[in-house]
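Only one structure is covered here, and it is reproduced in the block below.
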Amino acid sequence: MTNPHTSALSEAGVSIWLDDLSRHRLESGELASLVETVNVVGVTTNPTIFANAIGGGDGYGDRLKDAAARGLDTDAAIVELTTADVADACDLLADVYASTGGRDGRVSIEVEPGLARDTTGTATQAQDLWARVDRPNAMIKIPATVEGLDAITETIAAGISVNVTLIFSLERYRQVINAYLAGLERARAAGIDLSTIHSVASFFVSRVDSEIDRRLREIGTPEALALTGQAGIANARLAYEVFEQSFDTERARFLVGLGANPQRPLWASTGVKDPALADTAYVTGLIAPNTVNTMPEATLRAFADHGHVPGDTISGSYLESNQVLNAIDALGVDYAEVTELLEQEGLQKFEASWSELLGTVEQALREAR
């Protein structure tokens with residue numbers, strides 16, 4: 001029997017994806033259980049998730065020994081381990097993929113963080129990962145850097161489904177949607193069936209609050225303190241307005257009329273970091289049709305336990321959301337500076353995780369040999 005709280009969220013148009021994956025989750029039946037009981041219909045991964053999973057070692061010992069016996073180097077072993085996890089998760093979610101017409105049942109795998117400023121390298125590795133996973137319900141994650149935009153277009157144009165990640169600003173989000181539509185136009189020209197291409201745009205939430213709230217607390221006035229905990233949700237709600245506007249243009253309507261799928265907004269970084277906020281704040285505050293919320297397990301469990309679905313909490317909130325960001329700007333907190341910093345920090349965190357993963361696997365291969 002599925003959970004009433006998560007079922008209500010799904011019925012409100014929010015696809016619940018789990019922001020975690022490991023060999024243990026696959027082999028223990030944990031992931032299958034989450035699909036059956038709390039309406040999980042997709043999975044996202046990133047370099048930090050794989051560093052934690054493989055670093056924890058649970059379920060990877062025999063695979064690492066096998067990789068060592070075959071003489072694989074560190075990079076090749078990591079690609080093999082991570083794509084195997086993603087392929088198996090895709091198989092587990094194959095029924096969801098089929099029943100939702102490809103909308104859900106998706107599992108995302110990210111290009112190496114070191115390629116984030118390399119358009120050609122990103123597009124090349126996206127195609128390689130797609131071929132290695134070899135499942136129609138995979139998604140390749142590409143960071144929304146300036147250099148990533150052309151890689152997104154290139155990858156979509158090749159008929160590959162993409163999860164665009166690390167989006168913080170509304171301006172960059174508009175550029176991401178444009179990159180997606182440009183890719184669809186090129187795919188159409190190449191004779192690719194547009195209905196087979198899906199994409200989500202991962203708009204980050206809690207990290208926006210963390211940085212803006214830090215600056216508001218430094219200002220320290222009652223007016224500044226009253227605005228803490230509001231920027232992340234306001235920013236994401238305005239992203240949904242951008243989504244609605246962008247897919248109601250003549251250009252987008254034409255492509256959708258040919259079978260293309262709108263690129264859904266995905267709420268990422270939805271684990272609450274501020275104890276002053278409710279542990280489900282970034283779920284309850286971001287409910288609207290045609291969205292995805294990818295949650296760490298703690299957030300998912302919290303919502304399953306005491307989540308509340310009051311209906312659509314985004315539509316109609318745009319004036320208020322603009323007022324929040326305008327008030328923060330009036331206090332001297334620079335939105336463009338914050339979002340640029342968050343993109344840089346996001347890339348740095350993933351690069352650090354990737355380095356940690358390289359070290360872990362290198363040592364494991366050495367020991368296995």
Side-chain angles (χ1 to χ4, degrees), residues 18-28 30-31 43-92 107-135 138-143 145 147-148 151 155 163 165-166 202 268-269 271 294 296-297 343-369:
L18 176 70
D19 194 27
D20 195 35
L21 182 64
S22 66
R23 179 53 43 186
H24 173 73
R25 278 198 189 281
L26 289 161
E27 293 183 345
S28 67
E30 262 183 32
L31 180 57
V43 172
T44 49
T45 70
N46 60 46
T48 303
I49 284 169
F50 279 127
N52 292 338
I54 297 170
D58 197 0
Y60 294 97
D62 289 343
R63 288 167 183 264
L64 284 163
K65 284 175 189 168
D66 177 59
R70 288 184 287 122
L72 294 188
D73 64 18
T74 305
D75 287 328
I78 288 173
V79 169
E80 188 167 293
L81 291 173
T82 56
T83 54
D85 280 2
V86 169
D88 287 352
C90 282
D91 290 344
L92 191 153
V107 186
S108 300
I109 184 169
E110 189 158 343
V111 295
E112 287 178 35
L115 296 170
R117 304 289 181 196
D118 177 352
T119 301
T120 305
T122 294
T124 301
Q125 191 178 62
Q127 296 201 30
D128 179 59
L129 289 171
W130 179 257
R132 284 175 182 272
V133 175
D134 195 23
R135 301 293 189 277
M139 269 188 165
I140 308 303
K141 271 178 115 170
I142 298 177
T145 57
E147 298 83 357
T155 307
N163 176 342
T165 188
L166 287 177
S202 297
S269 176
T294 187
E297 186 177 8
E343 180 183 293
Q344 290 173 8
E345 286 182 351
L347 293 172
Q348 287 164 3
K349 284 174 184 171
F350 283 163
E351 283 183 20
S353 296
W354 195 257
S355 296
E356 181 190 328
L357 180 56
L358 285 168
T360 299
V361 172
E362 192 175 347
Q363 184 180 344
L365 290 172
R366 203 181 302 120
E367 288 171 1
R369 289 187 188 112

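Distance CD/Glu351 to OG1/Thr48: 11.0 Å, rounded to 0.5 Å. Between Leu21 atom CG and Thr44 atom OG1 the span is 9.5 Å, to the nearest 0.5 Å. Atom NZ of Lys349 is separated from atom CG of Leu166 by 10.0 Å, given to the nearest 0.5 angstrom. Remark: Glu345 CD to Phe350 CZ distance equals 12.5 Å, nearest 0.5 Å. For the atom pair CD of Gln125 and CG of Leu129, the computed distance is 4.5 Å after rounding to the nearest 0.5 Å.
Closest heavy-atom contact between Ala126 and Ile142: CB-CD1, 4.3 Å. Listed here is the closest heavy atom pair of Ser202 and Ala268: CB-CB, 4.2 Å. Counting all heavy atoms, side chain and backbone alike, Pro47 lies closest to Glu110 at CD-OE1, 3.6 Å. For the pair Arg23 and Asp58, the tightest heavy-atom approach, listed with the atom from each and the gap, is CB-O, 4.1 Å. Of all heavy-atom pairs spanning Leu18 and Pro296, the tightest one is CD1-C, 4.5 Å. Among all heavy-atom pairs drawn from Ala116 and Thr145, the shortest one is O-OG1, 2.7 Å.
For the side-chain hydrogen bond (donor to acceptor under 3.5 Å, both in side chains) test, no residue two or more places apart in sequence or in another chain qualifies with Asp134. Checked against salt bridge (Lys or Arg N to Asp or Glu O under 4.0 Å), Asp20 has the following partners two or more places apart in sequence or in another chain: Arg25. Residues passing the side-chain hydrogen bond (donor to acceptor under 3.5 Å, both in side chains) test with Thr45: none are found, sequence neighbours excluded. Not counting sequence neighbours, the partners of Ser28 by the side-chain contact (heavy atoms from CB on, under 4.5 Å) test are His24, Glu30. For the side-chain hydrogen bond (donor to acceptor under 3.5 Å, both in side chains) test, residues two or more places apart in sequence or in another chain that qualify with Gln344 are Glu340. Every side-chain contact (heavy atoms from CB on, under 4.5 Å) that Lys65 has, sequence neighbours left out, goes to Asp62, Ala368. Take Asp91 and apply the side-chain hydrogen bond (donor to acceptor under 3.5 Å, both in side chains) test, not counting sequence neighbours, and it matches Arg135. With sequence neighbours left out, Ala53 forms a side-chain contact (heavy atoms from CB on, under 4.5 Å) with Ser22, Tyr60. In this structure, Ala352 has no side-chain contact (heavy atoms from CB on, under 4.5 Å) partners at least two apart in sequence or on a different chain.
Residues Lys141 and Ile109 are not in side-chain contact: their nearest non-hydrogen atoms beyond the backbone lie 4.5 Å or more apart. Proximity of Leu358 to Ile78: side-chain heavy atoms (C-beta onward) are separated by under 4.5 Å at one or more points. Residues Gln127 and Thr155 form no side-chain contact, since every pair of their non-hydrogen atoms from C-beta on lies 4.5 Å or further apart. Between Ile49 and Asp19 the shortest side-chain heavy-atom distance falls below 4.5 Å. The shortest side-chain heavy-atom distance between Leu81 and Phe50 does not fall under the 4.5 Å cut-off. Here the side chains of Leu347 and Pro143 are in contact, with some heavy-atom distance below 4.5 Å. By the 4.5 Å heavy-atom criterion applied to side chains, Val361 and Ile54 are counted as neighbours. A heavy-atom distance below 4.5 Å is not found between the side chains of Leu72 and Leu365.
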Any chance you could lay out the side chain to side chain contact (heavy atoms under 4.5 Å, CB included) test for Leu26 and Asp85, step after step, and finish with the verdict? CA-CA 8 Å; Leu26 289 161; Asp85 280 2; 4.1 Å; yes
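For residues 114-125, every residue pair satisfying the salt bridge (Lys or Arg N to Asp or Glu O under 4.0 Å) rule, not counting sequence neighbours, is listed here: Arg117-Glu147, Arg117-Glu343. Sorted by first and then second residue, the salt bridge (Lys or Arg N to Asp or Glu O under 4.0 Å) pairs with a member in residues 359-369 read Glu362-Arg366; sequence neighbours excluded. Within the structure, every pair that satisfies the salt bridge (Lys or Arg N to Asp or Glu O under 4.0 Å) test and touches residues 71-84, not counting sequence neighbours, is listed here: Arg70-Glu80.
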